[in-house]
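Structure, as structure tokens:
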Amino acid sequence: MSQNEASPLKSSSSSSLQVFSMMSLSPSLGSSYPWLKELKSEERGLYLIHLLLTCANHVATGSLENANIALEQISELASPDGDTMQRIAAYFTEALADRILKTWPGLHKAINSTRVVDLVSEQALVRRLFFEVFPFLKAAFLLVNQAIIEAMEGEKVVHVIDLDAAEPMQWIALIRGLSARPEGPPHLRITGIHVRKEVLDQMGHRLSEEAEKLDIPFQFNPVVGELEDLDVERLHVKTGEAVAISSVLRLHSLLASDDEPLRKKLPLALKNSNGIHLQRALQMSQNTLGELLEKDTVNGYSPSPDSASSSPLSSPVSPKVDTFLTALRGLLPKLVVITEQDSNHNGSTLMERLLESLHSYAALFDCLESTVSRASSERLKLEKMLFGNEIKNIISCEGAERKERHEKLEKWIQRLDSAGFCNVPLSYYGMLQAKTLLQGYNCNGYKMKGENGCVMICWQDRPMFSVSAWRCRNSL
């Protein structure tokens, strides 16, 4: 909504609150809600937030009849090709509905029994779209590559290990950077880990071509398999190699291995503060969905004692990740560079995850609203195949099935410190390159800031992705 549209809502927010609070979600309303169509866009956005929080409350407490009524009302307002709030509501609605269906495993399996999806191909497609539409990964690659180039200064044999080898452009840029070294290029070996052999074959071919063109001695070592099952012996690290390890949006998925099977049980308990959240949601009147959520809904949320494990201040207990990081440290890398989505999507309760993910995905949807046409097919694919699937995984899934467990930089700092790593400040030159790239997007919403020697890539003032570099402490 424009700033001109925002001011009338401020004067009417109290009346909207009264109207919404009187709107009972009772079965007597029937299957048609004509008054919903009469809501103005600002009122519709507020009411959608109200309905989503109400629906999540019903889902979490097992009140499925009331959840169904809320879903019916949301469906009257939400749309995957509407305004920002309508679009994001459509995907959160689908996620909540899927969570309800999972209370009937037979029904859920039957509905999805004929759905054929090549998840690996789908992930490759949407990752490519994400790389092209947003500057986040491009900026991260600039920071990672510059950190590697500086750490490997003077080294004659360099071994780079990519924990999720999906994007050859990153390493093509590194090869070009290393070829320009005053002392000449090193012998370069890149090990790529991916679940699909053909992805690695394609990457190896492209990188070998680039290295040959620039006359750089090069080897590519493909490792096919899941990161969760990785045997570090397959990385074939040799004596005398200077090792750098890169993880881009990958480590958070290892957190799923630590979740107990009991966490699959539905529904989850929900805290009694939901009424407060609903009241605050109805009082919001800002210009973008991110601002709409920023002012009251999320800032007013305080995690309950049983969700304290998701607090940035608590010590993260993650045996699988800790073991994995310790194994990486055993390789004695000169540098480890980690890029992660800077969000708190690994809370223990449904409401906590709903509020946090509403907040962070609102920022991503706002990015698209500001830079891409609503009718863009690329935008629709990104929202459905990437963000929609991630939202569904965060909201609908539990236990090992829930892979999208993004966490804040503070937790990764604690884990890496516990595993025997210390922070390496990212270089000024790398930050300058990344900042120049962000400024070239003709959109003043993309920003970057330093934090504890790390870099946060932001939309407006909200951190979206963190990039951090690490080295082994002196003693093992």
Side-chain angles (χ1 to χ4, degrees), residues 15-83 85-108 110-112 265-284 289 292-293 297 301 349-355 357-358 361-362 388 391-392 394-398:
S15 60
S16 296
L17 173 62
Q18 293 173 350
V19 172
F20 293 152
S21 64
M22 291 187 295
M23 291 176 179
S24 170
L25 299 181
S26 64
S28 61
L29 285 171
S31 59
S32 179
Y33 309 94
W35 53 268
L36 290 175
K37 302 296 185 181
E38 299 175 5
L39 293 175
K40 297 177 182 178
S41 60
E42 310 93 71
E43 295 172 334
R44 181 177 61 215
L46 292 170
Y47 195 48
L48 276 169
I49 295 171
H50 165 79
L51 288 170
L52 285 171
L53 296 174
T54 299
C55 184
N57 182 14
H58 292 318
V59 172
T61 56
S63 181
L64 300 187
E65 183 178 355
N66 286 329
N68 179 64
I69 295 168
L71 288 173
E72 190 176 2
Q73 287 201 10
I74 296 172
S75 298
E76 294 280 337
L77 300 175
S79 170
D81 56 3
D83 63 30
M85 188 62 230
Q86 287 179 301
R87 296 166 94 106
I88 198 170
Y91 295 110
F92 274 90
T93 304
E94 184 178 6
L96 288 167
D98 192 67
R99 187 177 177 98
I100 292 173
L101 280 177
K102 285 184 176 180
T103 61
W104 293 279
L107 179 60
H108 186 266
I111 289 175
N112 291 279
K265 190 168 92 172
L266 291 173
L268 292 179
L270 193 63
K271 301 299 116 184
N272 294 327
S273 55
N274 298 329
I276 298 173
H277 301 322
L278 297 179
Q279 297 295 314
R280 285 174 172 157
L282 297 175
Q283 296 170 3
M284 296 183 296
L289 178 54
L292 194 71
L293 290 162
T297 308
Y301 173 65
T349 68
L350 172 60
M351 180 59 83
E352 184 179 3
R353 297 205 302 272
L354 182 89
L355 288 170
S357 54
L358 261 176
Y361 283 98
I391 289 166
K392 183 181 289 187
I394 292 165
I395 300 300
S396 172
C397 299
E398 294 296 342

Could you walk me through whether Leu101 and Asn112 pass side-chain contact (heavy atoms from CB on, under 4.5 Å), step by step? CA-CA 11 Å; Leu101 280 177; Asn112 291 279; 5.7 Å; no

When rounded to the nearest 0.5 Å, the distance separating NZ of Lys392 from CD of Glu94 is 4.0 Å

Quiz item: Does the side chain of Leu51 come within less than 4.5 Å of Leu77's, by heavy atoms?
Solution: yes

Between the CD1 atom in Ile395 and the CG atom in Leu358, the distance rounded to the nearest 0.5 Å is 7.5 Å

Between the SG atom in Cys55 and the CG atom in Leu96, the distance rounded to the nearest 0.5 Å is 4.5 Å

Closest non-hydrogen atoms of Arg99 and Ser396, given as atom of the first, atom of the second and distance, are N-OG, 3.5 Å

Side chain to side chain, Ile74 and Phe92, heavy atoms closer than 4.5 Å:
no

Nearest heavy-atom approach of His108 to Asp98 is NE2-OD1, 2.9 Å

Output for pair (Leu354 CG, Ile391 CD1), nearest 0.5 Å, gives 9.5 Å

Output for pair (Glu43 CD, Leu48 CG), nearest 0.5 Å, gives 12.0 Å

Taking every heavy atom of Ala56 against every heavy atom of Leu350, the minimum-distance pair comes out as O-CD2, 3.8 Å

Between the OG1 atom in Thr54 and the CD1 atom in Ile49, the distance rounded to the nearest 0.5 Å is 11.5 Å

Discussion item. Quick check: do Met85 and Arg44 have side-chain heavy atoms less than 4.5 Å from each other?
Written reply: no

Smallest heavy-atom separation, Gly82 atom then Gln86 atom, equals CA-OE1, 3.4 Å

Check: So, the side chain of Glu76 versus the backbone of Gln73: is there a donor-acceptor pair under 3.5 Å, distance only?
Finding: no

Q: Indicate whether any N or O donor in one side chain lies under 3.5 Å from an N or O acceptor in the other, for Asn68 and His58.
A: no

Nearest heavy-atom approach of Gly388 to Tyr91 is CA-CD2, 3.8 Å

Between Ile88 and Tyr361 the two heavy atoms that sit nearest each other are CD1-C, 3.7 Å

